[in-house]
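For reference, the structure discussed in these notes is given below.
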Amino acid sequence: VNISAGEPNNGTFDLSKTGEQATCDAAVEVTVTPHPAEHFEVDEVTASNGGIVSGPNGEGEYTVTYAQDYNNSSEINVTFKQKDQYTVTWNNHGLTSTSQVYEGEKPVFPETPTSCDATSTTFIGWATENWTGKLADLAGKTVYTSAAEMPTVTGPVEYFAVYAKTTAGDEEEHEGPSFSRTGSND
């Protein structure tokens, strides 16, 4: 089987072949390793002249199998498509900004926001729920304090700013999605 590679847009791919001729006992297998351009993903892998495409495997590779002896040429091609983009909304007490993030990528934190409330001045992080309460209410809720902690984007999402707020009795509350703790800041 003579294999040739197509010329895709928005990426490249490598081919590696095991076997030279398909027989009754052995198929020819071609491993296809796609390399999409940034913000692109594999749309389809095709093979002409009886090539059967399977995959991707855990490494993102595809296998094209030729089970019969084809003395003519076959072409393998990979088409790429742009990843979906989703809107990430950053909500700071009702003032919002948005960014577009490609599916599977992490959002980039915007600049550190400033609270609209003069008593809530320490920015803590971002949360996906807009709630208020005490530290006990925080159980099971996530506040992201660094971009590295953020989950990858799989759809539109909104994050709410979280601020520390000092109240009477040396108790610290948090506004936005809120929580509080009693005592020192340790």
Side-chain angles (χ1 to χ4, degrees), residues 1-92 96-111 125-131 139-162 177:
V1 177
N2 295 316
I3 307 293
S4 63
E7 295 183 22
N9 293 319
N10 304 312
T12 62
F13 61 96
D14 300 325
L15 301 176
S16 62
K17 183 167 68 166
T18 59
E20 290 300 318
Q21 183 174 355
T23 65
C24 292
D25 331 8
V28 171
E29 288 189 348
V30 179
T31 301
V32 181
T33 307
H35 306 287
E38 185 176 23
H39 307 304
F40 284 82
E41 61 189 357
V42 174
D43 184 31
E44 184 178 32
V45 176
T46 58
S48 63
N49 292 330
I52 299 170
V53 179
S54 61
N57 65 15
E59 285 90 42
E61 297 174 330
Y62 294 78
T63 300
V64 178
T65 304
Y66 294 92
Q68 298 179 8
D69 184 11
Y70 289 99
N71 291 323
N72 52 8
S73 297
S74 180
E75 181 173 275
I76 296 174
N77 207 350
V78 178
T79 55
F80 299 96
K81 65 178 181 176
Q82 188 168 21
K83 291 180 179 180
D84 291 332
Q85 282 188 320
Y86 295 104
T87 300
V88 175
T89 303
W90 306 96
N91 189 329
N92 183 23
T96 61
S97 64
T98 60
S99 57
Q100 295 295 308
V101 179
Y102 288 97
E103 182 174 11
E105 296 182 9
K106 292 184 176 197
V108 176
F109 270 16
E111 289 185 28
W126 296 97
T128 56
E129 294 181 58
N130 192 13
W131 48 270
K141 298 187 181 352
T142 303
V143 176
Y144 300 103
T145 58
S146 74
E149 297 174 337
M150 300 292 287
T152 59
V153 171
T154 58
V157 63
E158 184 171 13
Y159 291 100
F160 298 88
V162 180

Nearest heavy-atom neighbours spanning [X] and [Y]:
X	Y	value
Q82	Y102	NE2-OH, 3.0 Å
V32	F13	CG1-CD1, 3.9 Å
V143	A127	CG2-CB, 4.3 Å
W90	S99	NE1-OG, 3.4 Å
G60	P34	O-CD, 3.3 Å
V53	Y62	CG1-CD2, 4.3 Å

Please determine which of L15, T63, T65 meets the side-chain contact (heavy atoms from CB on, under 4.5 Å) test together with V30.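 For V30, the side-chain contact (heavy atoms from CB on, under 4.5 Å) test succeeds with only one of L15, T63, T65, which is L15.
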Using side chain to side chain contact (heavy atoms under 4.5 Å, CB included) as the criterion, list what pairs up with [X], not counting sequence neighbours.
X	answer
N9	none
P151	Y144, Y159
E111	none
P156	Y86

My understanding is that only residues two or more places apart in sequence, or in another chain, count here; which of them pass side-chain hydrogen bond (donor to acceptor under 3.5 Å, both in side chains) with [X]?
X	result
T145	E149
T152	none
D14	H35
E103	none

If I take atom CE from residue M150 and atom CZ from residue F109, how far apart are they, to the nearest 0.5 angstrom?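 It is 5.0 Å, given to the nearest 0.5 Å.
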Roughly how far apart are T154 OG1 and D84 CG, rounded to 0.5 Å?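 The CG atom of D84 is 11.0 Å from OG1 of T154, to the nearest 0.5 Å.
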Residue from T89, N91, T98, T128 passing side chain to side chain donor-acceptor pair (under 3.5 Å) with E158: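 Per the side chain to side chain donor-acceptor pair (under 3.5 Å) rule, the option paired with E158 is N91, out of T89, N91, T98, T128.
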Got a list of side-chain donor-acceptor pairs under 3.5 Å for residues 37-48, not counting sequence neighbours?
unit_1: H39; atom_1: ND1; unit_2: E105; atom_2: OE2; d: 3.1
unit_1: S48; atom_1: OG; unit_2: S74; atom_2: OG; d: 3.4
unit_1: S48; atom_1: OG; unit_2: E75; atom_2: N; d: 2.8

Kindly indicate, with the supporting measurements, whether the criterion side chain to side chain contact (heavy atoms under 4.5 Å, CB included) is fulfilled by K106 and V153. CA-CA 6 Å; K106 292 184 176 197; V153 171; over 6 Å; no
